[in-house]
Amino acid sequence: MNKKKKPFLGMPAPLGYVPGLGRGATGFTTRSDIGPARDANDPVDDRHAPPGKRTVGDQMKKSQAADDDDEDLNDTNYDEFNGYAGSLFSSGPYEKDDEEADAIYAALDKRMDERRKERREQREKEEIEKYRMERPKIQQQFSDLKRKLAEVTEEEWLSIPEVGDARNKRQRNPRYEKLTPVPDSFFAKHLQTGENHTSVDPRQTQFGGLNTPYPGGLNTPYPGGMTPGLMTPGTGELDMRKIGQARNTLMDMRLSQVSDSVSGQTVVDPKGYLTDLNSMIPTHGGDINDIKKARLLLKSVRETNPHHPPAWIASARLEEVTGKLQVARNLIMKGTEMCPKSEDVWLEAARLQPGDTAKAVVAQAVRHLPQSVRIYIRAAELETDIRAKKRVLRKALEHVPNSVRLWKAAVELEEPEDARIMLSRAVECCPTSVELWLALARLETYENARKVLNKARENIPTDRHIWVTAAKLEEANGNTQMVEKIIDRAITSLRANGVEINREQWIQDAEECDKAGSVATCQAVMRAVIGIGIEEEDRKHTWMEDADSCVAHNALECARAIYAYALQVFPSKKSVWLRAAYFEKNHGTRESLEALLQRAVAHCPKAEVLWLMGAKSKWLAGDVPAARSILALAFQANPNSEEIWLAAVKLESENNEYERARRLLAKARSSAPTARVFMKSVKLEWVLGNIEAAQELCEEALKHYEDFPKLWMMKGQIEEQEEQTDKAREAYSQGLKKCPHSTPLWLLLSRLEEKIGQLTRARAILEKSRLKNPKNPGLWLESVRLEYRAGLKNIANTLMAKALQECPSSGVLWSEAIFLEARPQRKTKSVDALKKCEHDPHVLLAVAKLFWSERKITKAREWFHRTVKIDSDLGDAWALFYKFELQHGTEEQREEVRRRCENAEPRHGELWCAVSKDIANWQRKIGEILVLVAARIKNTF
């Protein structure tokens, strides 16, 4: 049997084995597999089947749809390019080669998608932006209004009225029940009869109140059950008074439970009690229950601790707040009996009592508290007559002779002579009061004042004010040489007495001396303390900060003293001399500036700027020979200095000495040839009308300095002026080959083409310039304006969007973008601009113009001030400010703007340079240029 047994029996079948496959015994089904044969229209066994599942055919369709997700191969689901929406072979097996093919196709799709991704996304973005500009959302249209919600205060928000009620009038305004108070007798009678009436019968009101035409009134023949509990025995009447008494007794019991019956002291902290009571004291119109509660609590505090003064004061104030002034007075007077040694209770009693009674209260208080300064001061305040006040204070000083406050109050009432006598007594009684000593010194003669201050120093050796006053006294009497000695001795003496020299306090004293007119004392204090407590390497930086701080506090002599000391320590520091010179220029006189500059050039002869400031100061004062001599000395110290050559040329040309200027320039070209010297030579000939000489000099200069763009510009502009368009174009083109990064050259060439009508060429030039100079706001701005001038506003807006993407922090572009928007969107744009460029003068100027266009005059003026403060060199801001004041300001405001502009000497700005660099205006002063620029501005924004 074992031999005949097959070896594979009981083993697992091999992989992929199908029983009967070898003999063809597969693929057939029997009726038992598929169930009984039924027609498709036969009903199913389930009698309650839902519609769509009630026949055998419906069930078969559903099962087929569940078994294989059969695709919708309808014509409506077919696309010529993509085919059917579903996958035709999704029901087939998904093998490894299918996965590989899918990965290859996915990689191809991704590669194809990336090829035009940037261009496509850019186009979609532009389309969305264009759509948003044409059809802005309601959200965007109201965004500026929504931004204003941030400024709405809580009170404004709460004062917004509620939305109207849509209900009808009867529902909105329900009639409240009218409740009429009735006397206790009514309730008593009602209880006796045992009847329950909840409303008054209309017939009763008709026949005269509670009288009814029926005999018996409210008595009914059917007496109800009476409740004897609320009725007083024997009388049958309800006693309301006893109910109130019972309630009060109950409250007293509860309050007395908190007190400790053993020691007689309260367990509750009275101060904590009073803190709660202060929060409970209502204002007028407060809840009556809160007042009652506070009153009860205060009563409890008074009873448990009657010698606690704040309890009496709080009780009196509660009654005062609720309008019961007499009760408050009675309470506080009882408080004075219980706490006769409390200063606060007596002062509160004096405050609450009327005039004469208050005096009597204060007199009583003085008997109990003869040493109380506050009570004496209150007594003096109650007196209306000066003599009576003096009498009270003198009486007070007999009892309390060492009170500084009393002495000061008494001295203030006296005449100077009597005050001096009183103060001499006061300093004996209060020898440690600095104020009294100083007051006495001020009233004494010079000799006596010195003695007083010496005595004060002996009594109070640690106070600096006495020393400073002594120095001021000497200065006021002409002994300025003593001031320095006194301050030095003060520092030595105070250190010897262990006083720390606080530098900030002394500087503050010096500033006060400066404001009081004691210049020598102020300077002496500054010299003495300026170097105390500063590291050697920090000295210059700290002193410059101190000087700026003094200027900010308007203590100019202090600042001058600091600069003088710093210049002694750092005589060869050019930066310190410059700071001091600018200080004198802004705050000093012309003489002080020139004296300082003379010393400066002696110590720093190589500092050209100091020489030039000195020469300019002389020139502005009309002293041309002195200016020439200064420049001659400067030449000796700085031979071949370009700045000094050009300053000398400017001096001569401004004073119409053209031949001298020419000779100086010729000398400069031979001894110190620089591009600027050649440029000034060309300009001088050009403005004087010698065009040929200017052109020759320009050609000569370009041989040496072909990479200096201003020479190319001048050459082109001269040709343009002579109406030689082709030569001008050639000059600009050649210049751009040598100087491709010069923005003004690109702009000049573009405007030349635009001027002769070659708009396409101008556009091409600007595109080329932007390629060579990426992220250049000036070129982008010109491109935008070119399109705008051509009437292509949509293209201008598109270019502006691109420009702001490339230069997101350019104030020039943002300021232009604000006014490219329609009026409703300008405010929103200005907010965005301020976020990106918060302190850019162009953006601030645009906001000022925006307020001006909206006729918000005060705000516009404020923003103009802010703009010229941030950048005083921007001429356009000054011109617009001046134009604004011409229309909306006074004569004084206009002159103020003009004066500030002349002091600032602006050099930059598009509108400003167009006028100031015009050769017709070459000799104009700043004020004249300001008027010309303002005249050109039109209110078209």
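For clarity, every value in this text was computed on a predicted model and none was experimentally measured.
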#### Entry: Qualifying residues under salt bridge (Lys or Arg N to Asp or Glu O under 4.0 Å), relative to Glu854, sequence neighbours excluded
Lys856
### Query
Do Asn921 side-chain atoms and Ser916 backbone N/O form a donor-acceptor pair below 3.5 Å?
no
### Query
Rounded to the nearest 0.5 Å, what separation is found between the CG atom of Leu813 and the SG atom of Cys837?
9.0 Å
### Task
Using ring-ring contact (aromatic ring centres under 6.0 Å, His included) as the criterion, list what pairs up with Tyr563, not counting sequence neighbours.
Phe583
### Task
Please report the closest heavy-atom contact between Val576 and Ala566, naming both atoms and the distance.
CG1-CB, 4.0 Å
### Query
Going by an N to O cut-off under 4.0 Å, is there a salt bridge joining Glu891 and Arg894?
yes
### Query
If we only count heavy atoms from C-beta on, is the Arg861 to Ile857 side-chain gap below 4.5 Å?
yes
### Task
Taking only Lys NZ, Arg NE, NH1 and NH2, and the carboxylate oxygens of Asp or Glu, determine whether Arg560 and Glu557 approach each other closer than 4.0 Å.
yes
### Task
Evaluate the side-chain contact (heavy atoms from CB on, under 4.5 Å) criterion for residues Phe819 and Lys849: first the C-alpha distance (whole Å), next the side-chain angles of each, then the deciding distance (0.1 Å), finally the verdict.
CA-CA 10 Å; Phe819 288 98; Lys849 284 163 64 181; 3.6 Å; yes
### Message
Any heavy-atom pair between the side chains of Trp912 and Ile926 that's under 4.5 Å?
### Response
yes
### Query
Donor-acceptor pair, Ser853 side chain versus Leu850 backbone, under 3.5 Å?
yes
### Message
Show the nearest heavy-atom pair for residues Pro841 and Leu874, with the distance to one decimal.
### Response
CB-CD2, 4.0 Å
### Trp852 and His888, any side-chain heavy atoms less than 4.5 Å apart
yes
### Task
For side-chain contact (heavy atoms from CB on, under 4.5 Å), just list the numbers for Trp814 and His842, CA-CA rounded to whole Å, side-chain angles, deciding distance to a tenth of an Å, and then say yes or no.
CA-CA 8 Å; Trp814 277 107; His842 295 93; over 6 Å; no
Report all side-chain donor-acceptor pairs from residues 863-872 shorter than 3.5 Å, counting only partners two or more places apart or in another chain.
residue : atom : partner : partner atom : Å
His865  : ND1  : Arg900  : NH1          : 3.1
Arg866  : NH2  : Glu862  : OE2          : 3.1
Thr867  : OG1  : Trp863  : O            : 2.7
Asp871  : OD1  : Asp873  : N            : 3.1

### Query
Under a 4.5 Å cut-off applied to non-hydrogen side-chain atoms, are Val812 and Glu910 in contact?
no
### Query
Is any NZ, NE, NH1 or NH2 atom of the basic residue among Lys925 and Glu902 found under 4.0 Å from an Asp or Glu carboxylate oxygen of the other?
no
### Query
Mind checking whether Leu911 and Arg936 have side chains closer than 4.5 Å, heavy atoms only?
no
### Message
More than 12 heavy atoms of other residues, nucleotides or ligands under 6.0 Å from NZ of Lys710: yes or no?
### Response
no
### Heavy atoms of other groups near His908 NE2, more than 12 under 6.0 Å
no
### From CG (Leu844) to CG (Leu834), nearest 0.5 Å
6.5 Å
### side chain to side chain donor-acceptor pair (under 3.5 Å) partner of Glu896, the single match among Arg898, Arg899, Gln893
Arg899
### Task
Measure from NZ or CZ of Lys540 to the centre of the six-membered ring of Phe570, then state whether that distance is under 6.0 Å and the direction lies within 45° of the axis.
no
### Task
Kindly indicate whether the side chain of Thr743, heavy atoms from C-beta on, has any atom under 4.5 Å from the side chain of Leu747.
yes
### Query
Which of parallel (below 30°), tilted (30 to 60°) and perpendicular (above 60°) describes Phe881 and Trp878?
parallel
### Task
For Gln805, look at atom CD and say whether over 12 heavy atoms of other residues, nucleotides or ligands are found less than 6.0 Å away.
yes
### Message
Is there a side-chain contact between Leu804 and Trp780 in this structure, where contact means two heavy atoms from C-beta onward sitting under 4.5 Å apart?
### Response
no
